[in-house]
Amino acid sequence: MKKYFLSLVVLFLSLPTMAQMSGGGLILTTENVYYGFRLGAAFSAIRGNGSHAKNLKPGFTMGGVVGVRVNDQTPLFLESGVYYAQRGGRGEDYKCSLHYLEVPLLIKYGIETASDVSVLPFLGPAISFGLSGHIKETGLPGGTAFGDNRFNRFDIGVKLGSGIEYNMLYAEVGFQFGVVNVYNNPKGAIDEYSAYVNSLFINVGINF
């Protein structure tokens, strides 16, 4: 985990230099297509009566995005991309690590607050597929997080938050609500359990 946060610090320190290489990313007054890179941290937990990981667990996110202005009259953008995202949660003597490939589809509205500064609130769904996962419990052998009596790989969440852009530099903070029960209840089970993956995320990056 330390190397991920070190990478985040290095990127953050290098952003001012990168910003001097170009005159801007999003242009709110004209039709525009942009590309971006995101790197950040996520703090996630798994809620529900089928989860032992209801405490926050830090993780790492990284991805690339593309956005397009969808209306000539208003600064409305549609943004998608591909992310690698670490999620999971912690509990007493319990730790769950989940690794996802995520594709969001966000609506962003640009609000120009000052010269070269824009605030972009966003909302939209995100589809995730579990690449790998691991559960570690004190006194028991570790095992995969996906499978029978564990979690499903497929997940859908809703992202809500806001970004801010200055020149090429971009930063955002938001929350992702899990809307799909990822607990894999066996067929014919008497008791039905639930688990929803929620995450607070903070990203920095660049828009080209």
Side-chain angles (χ1 to χ4, degrees), residues 1 4-45 56-87 100-128 156-179 197-208:
M1 182 60 65
Y4 298 140
F5 285 101
L6 178 60
S7 299
L8 182 61
V9 171
V10 171
L11 175 65
F12 182 78
L13 293 177
S14 66
L15 286 179
T17 301
M18 295 178 182
Q20 296 175 3
M21 299 170 59
S22 175
L26 297 182
I27 302 173
L28 299 182
T29 56
T30 61
E31 186 174 356
N32 187 251
V33 176
Y34 65 90
Y35 304 90
F37 174 76
R38 305 286 185 260
L39 181 66
F43 303 88
S44 58
L56 290 177
K57 174 186 175 298
F60 169 76
T61 63
M62 180 176 65
V65 303
V66 58
V68 59
R69 184 184 178 105
V70 297
N71 190 315
D72 292 338
Q73 307 302 318
T74 58
L76 190 67
F77 297 86
L78 182 64
E79 181 183 288
S80 187
V82 178
Y83 283 82
Y84 164 74
Q86 292 180 338
R87 300 197 190 101
Y100 286 98
L101 185 68
E102 176 187 289
V103 177
L105 184 61
L106 305 177
I107 292 291
K108 291 190 170 185
Y109 187 84
I111 304 170
E112 192 168 6
T113 59
S115 178
D116 296 326
V117 177
S118 301
V119 175
L120 295 112
F122 57 83
L123 173 68
I127 299 174
S128 300
I156 297 178
V158 174
K159 284 190 168 185
L160 172 67
S162 183
I164 184 169
E165 194 217 26
Y166 170 70
N167 203 357
M168 285 180 64
L169 306 183
Y170 179 82
E172 66 182 10
V173 60
F175 195 83
Q176 182 164 330
F177 303 85
V179 297
V197 184
N198 298 329
S199 180
L200 171 69
F201 59 90
I202 303 171
N203 291 324
V204 295
I206 307 170
N207 288 332
F208 299 95

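Residue indices begin at 1 and follow the sequence shown. Because the structure is a prediction, the values reported are computed rather than measured.
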Q. Closest approach of Gln176 and Phe201, non-hydrogen atoms and distance?
A. N-CE2, 4.0 Å
Q: Classify the side-chain pair Ser44/Asn198 by whether it contains a donor and acceptor separated by less than 3.5 Å.
A: no
Q.
Can you give me the closest heavy-atom contact between Phe122 and Gly163, atom names plus distance?
A. CE2-N, 3.9 Å
Q.
Show, in sequence, the C-alpha distance, side-chain angles and deciding distance for Ser80 and Val103, and conclude whether the side chain to side chain contact (heavy atoms under 4.5 Å, CB included) test is met.
A. CA-CA 7 Å; Ser80 187; Val103 177; 3.8 Å; yes
Q. Which pair of heavy atoms, one from Gly40 and one from Asn203, lies closest together, and at what distance?
A. CA-OD1, 3.3 Å
Q | Residue pair Ala41 / Thr61: nearest heavy atoms and the distance that separates them | A | N-OG1, 4.0 Å
(Q) I need the single residue from Arg69, Glu165, Glu79 that forms a side chain to side chain contact (heavy atoms under 4.5 Å, CB included) with Tyr34. Which is it? (A) Glu79
Q) Say you draw a straight line from CD1 of Ile127 to CG of Leu101; how long is it, rounded to the nearest 0.5 Å? A) 11.0 Å
**Q.** Donor-acceptor side-chain pairing of Gln86 and Tyr100 below 3.5 angstrom
**A.** no
Q: Kindly compute the distance separating NZ (Lys108) from CG (Leu120), expressed to the nearest 0.5 Å.
A: 6.0 Å
(Q) To the nearest 0.5 Å, what is the distance between OG on Ser162 and CD1 on Ile111? (A) 7.5 Å
**Q.** Any Arg87 side-chain heavy atom under 4.5 Å of Lys57 side chain
**A.** no
Q: If the plane angle is over 60° it's perpendicular, under 30° parallel, otherwise tilted; pick one for Tyr84 and Phe60.
A: tilted
Q) Of all heavy-atom pairs between Leu106 and Pro125, which one has the smallest distance, and what is that distance? A) CD2-O, 4.4 Å
Q: Please indicate whether Phe175 has more than 12 foreign heavy atoms, meaning atoms of other residues, nucleotides or ligands, lying under 6.0 Å from its CZ.
A: yes
Q: Verify, without hydrogens or angle tests, whether Asn71 (side chain) and Gln73 (backbone) share a donor-acceptor contact under 3.5 angstrom.
A: yes
**Q.** Student check: side-chain heavy atoms of Tyr166 and Ile164 closer than 4.5 Å
**A.** no
Q: Under the side-chain contact (heavy atoms from CB on, under 4.5 Å) rule, collect the residues that match up with Leu78, sequence neighbours excluded.
A: Val68, Val70, Leu105, Ile107
Q.
Are the side chains of Met168 and Asn207 in contact, using a 4.5 Å heavy-atom criterion?
A. no
Q. What are the two closest heavy atoms between Gly174 and Leu200, and how far apart are they?
A. O-CD1, 3.2 Å
Q. Can a cation-pi geometry be assigned to Lys159 and Tyr83, taking NZ or CZ under 6.0 Å from the six-membered ring centre and within 45° of the ring axis?
A. yes
